[in-house]
Amino acid sequence: MPKPRAGRRHWLFKTEPDVYSIEDLAREGSTLWDGVRNYQARNLLRDDLQLGDGVFIYHSSCERLGIAGLATVTGVGIADPSAFDPASPYHDPKSRPAAPTWYCVEIAFERRFTPLIARDAIAAEPGLAAMVLLQRGSRLSIQPVGADEARRLLQMAQHEAEA
DNA sequence: GCCAACGTTGGC
DNA sequence: GCCAACGTTGGC
């Protein structure tokens with residue numbers, strides 16, 4: 001059997017919509033996903049995200065929890081400029097341009113999910129029970145999404161849109 | 001290198 | 001606002 005062609009890989013980025021929402025991304029078209037200050041998330045941003053990967057945008061700490069849309073990775077391996085900026089709340093003097101501590105990627109708006117895929121609906125879906133998002137105490141803000149999980153989520157977005 | 005204290009995240 | 005879970009810090 002031929003090796004199945006690897007489709008585009010998918011990730012999930014958490015964001016508080018009060019700070020930055022899918023609407024902000026839709027308006028701006030693309031953005032630098034900077035300010036991530038967690039080593040596990042940093043490793044994914046620096047080493048694993050690839051051009052063209054899909055990014056589910058998850059709204060956290062708000063009234064309507066869930067995946068609000070989809071974006072595409074358009075820039076990888078970027079040293080996080082906010083770490084070098086003394087005026088930024090994300091400033092980190094330990095990170096220097098010659099030896100950056102923190103990395104970010106650029107993403108571009110792809111589409112909104114209307115309505116969003118509610119966290120409740122994700123939790124109720126047996127095939128999605130293993131998602132990092134649902135794991136007890138998971139605070140990782142950049143998460144891998146499995147191929148089957150991504151497929152299921154995209155189906156859910158489609159069905160909800162038709163309903 | 002251990003581990004207690006602390007700050008933060010994030011669902012409820 | 002509560003609080004459990006987690007990552008980080010710093011004294012030893």
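Proteins come first, then strands; the chains are lettered A, B, ... in the order of their sequence lines, and each starts at number 1.
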So which protein N/O to nucleotides 7-10 of chain B N/O distances come out below 3.5 Å?
{"from": "B:dT8", "atom 1": "O2", "to": "A:R139", "atom 2": "NH1", "distance (Å)": "3.1"}
{"from": "B:dG10", "atom 1": "OP1", "to": "A:K14", "atom 2": "NZ", "distance (Å)": "2.5"}
{"from": "B:dG10", "atom 1": "OP1", "to": "A:R139", "atom 2": "O", "distance (Å)": "3.1"}

Considering only residues two or more places apart or on different chains, which pairs with a residue in residues 137-149 of chain A satisfy side-chain hydrogen bond (donor to acceptor under 3.5 Å, both in side chains)? A:D148-A:R151
Check: A:L116 main-chain N/O paired with A:H59 side-chain donor or acceptor under 3.5 Å: no
Check whether A:R9 reaches the backbone of A:P144 with its side chain - one donor and one acceptor, N or O, closer than 3.5 Å. no
Partner residues of A:P100 under the side-chain contact (heavy atoms from CB on, under 4.5 Å) criterion, sequence neighbours left out: A:A79, A:F84, A:S95, A:Y103
Answer with yes or no after comparing the ring centroid distance for A:W11 and A:F56 against a 6.0 Å cut-off, counting only values under it. no
Grab the CE-P distance between A:M131 and B:dG11 for me, whole Å please. 12 Å
